[in-house]
Number of protein chains: 2
Amino acid sequence: MLSKKTKYALKAMIVLARNHGKGPMLISTISEQENIPKKFLENILLELKNAGMLASKKGAGGGYYLLKPPDTIMLSDIIRLMGGPIALVPCVSLNFYEPCEECKDELTCGIRQVALRVRDASLEILAKTSIKDLAEKEDSLIAMHKKTRQKSHAK
Amino acid sequence: MLSKKTKYALKAMIVLARNHGKGPMLISTISEQENIPKKFLENILLELKNAGMLASKKGAGGGYYLLKPPDTIMLSDIIRLMGGPIALVPCVSLNFYEPCEECKDELTCGIRQVALRVRDASLEILAKTSIKDLAEKEDSLIAMHKKTRQKSHAK
DNA sequence: TGGTTTCTCTACTAATTTAGTGGAGTTAAT
DNA sequence: ATTAACTCCACTAAATTAGTAGAGAAACCA
């Protein structure tokens, strides 16, 4: 499962992707729009900034904004940064490898073999979906549902 | 990430799969073979039993054994039973659905859309791999590595 | 310059989940 | 009866996650 921290980071990045090119966004704006505790979000955005994914400006008219085009920022980048789990077991994690303490022989561990396949399948999706993709997907879903609601209302 | 409990359950089930047809196995045997704390394993096996995956016999010559053929027990069955996470977010979990508290609209949530795809991809693997598959895979890996070691030694 | 806005940083606390243990009880075999 | 095993409940400890507090620093604006 993704931690809340990771989910918050993803949501914030999607909002910033949608806002890309329109200047900096306030922490408090994002926090309100997405129902994220403000103080918690501060930490998260700072972390994303320190990792080079965001930039910020202080003072009036300041806020956070994306440093790179939103179609170059992949979901897997964000999840990894937040320490979120992509792999099922640490011994198949590409970025946070650790041996499983109780495992006798990694090379012949059946669980590990399956975990490798699951990791690859997940990564195939997460490393190929950008926050721009998601922002657009949400927009189109919103449009679709608006129509549906109008129709069922009109009837 | 899979919890230790889930990993222990998988390992125990694989051992039991390999032993299938040869009578009951002691908790302590499994515990020693797989480096699993005995008391913890007791709880886990009991849970698997109560779920109908295992049966047990008390007294001398007793122990645990599989109730169904090992090729009908899928990894996803075990992971789910142990409350392990297959889905990245609770709102796409087939068996443990829960809305994400902070989510405004599930139907238009982009993260949810991706999580659905990841879930399906993972399940495609986990629901089609049985503990028999894994036991056999391990056996063949062990055989393979034995050869390799002999060769490199002979050289 | 002084005040206001907004991010920055360190350090904590609280809540939850995970991992593991203890010990008495029950069932079955010999 | 005795011994070998599983059963069951209740507890503790450790780790992780979630969230908060509050002083500080930079930028802007009057």
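Below, chains carry the letters A, B, ... as their sequence lines are ordered, and counting in each starts from 1.
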- Can you list every side chain to side chain donor-acceptor pair (under 3.5 Å) pair that touches residues 55-65 of chain A, not counting sequence neighbours? A:K49-A:S56

- Item | B:K128, NZ: over 12 other non-hydrogen atoms inside 6.0 angstrom | no

- Message: Using a 4.5 Å cut-off between side-chain heavy atoms of Ile, Leu, Val, Met, Phe, Trp and Tyr, which other residues end up in the same hydrophobic cluster as A:F96?
- Response: none

- Task: Sequence neighbours left out, what passes ring pair (Phe, Tyr, Trp, His ring centres under 6.0 Å) with B:Y8? Give chain and number order.
- Result: B:F40

- Query: Where along residues 81-97 of chain A does a heavy atom fall under 4.0 Å from DNA chain D?
  - Reply: none

- Item | Listed partners of A:D105 passing salt bridge (charged side-chain N to carboxylate O under 4.0 Å, His left out), at least two apart | B:R149

- Interface limits on DNA chain C, where chain B has a heavy atom under 4.0 Å of a nucleotide atom: C:dA19 to C:dA29

- Taking all non-hydrogen atoms of both residues into account, name the closest pair between A:A135 and A:R18 and its distance. O-NH2, 3.3 Å

- Say whether A:S31 and A:S28, considering side chains only, have a donor N or O and an acceptor N or O under 3.5 Å apart. no

- Query: Considering only heavy atoms from C-beta outward, does the side chain of A:I73 approach that of A:M53 to under 4.5 Å?
  - Reply: yes

- Where do B:D77 and B:T72 come nearest, in terms of heavy atoms and distance? OD2-O, 4.1 Å

- Main-chain N/O of B:M25 paired with B:T29 side-chain donor or acceptor, under 3.5 Å: no

- What's the spacing between A:I78 CD1 and A:L75 CG if we round to 0.5 Å? 6.0 Å

- Sorted by number, residues from residues 46-54 of chain A placing a heavy atom under 4.0 Å from DNA chain D are none

- Message: Angle between the two end axes of the helix from C:dT1-D:dA30 to C:dT30-D:dA1, five base pairs per end, rounded to 10 degrees?
- Response: 10°

- Note on the structure: Expected list for residues 15-29 of chain A near DNA chain D, using heavy atoms below 4.0 Å, is none

- Query: Taking 4.0 angstrom as the limit, do B:E32 and B:K38 come out as a salt bridge?
  - Reply: no

- Message: How long is the straight-line distance from NZ of A:K11 back to CG of A:L16, given to the nearest 0.5 Å?
- Response: 14.0 Å

- For B:I86 and B:L94, run side-chain contact (heavy atoms from CB on, under 4.5 Å): C-alpha distance rounded to whole Å, both residues' side-chain angles, the deciding distance at 0.1 Å, then the answer. CA-CA 9 Å; B:I86 294 181; B:L94 289 171; over 6 Å; no

- For residues 83-99 of chain A, the side chain to side chain donor-acceptor pair (under 3.5 Å) pairs (sequence neighbours left out) are A:Y97-A:E106

- Item | Salt bridge A:E47-A:K5, side-chain N to carboxylate O under 4.0 Å | yes

- Nucleotide by nucleotide, 5' to 3', does protein get under 4.0 Å of the base (B), only the sugar-phosphate (S), or neither (-) in nucleotides 16-30 of chain D, counting heavy atoms? --SSBBB---SBS--

- Shared-cluster residues of B:L141, by chain and number - hydrophobic side chains joined below 4.5 Å: B:M144

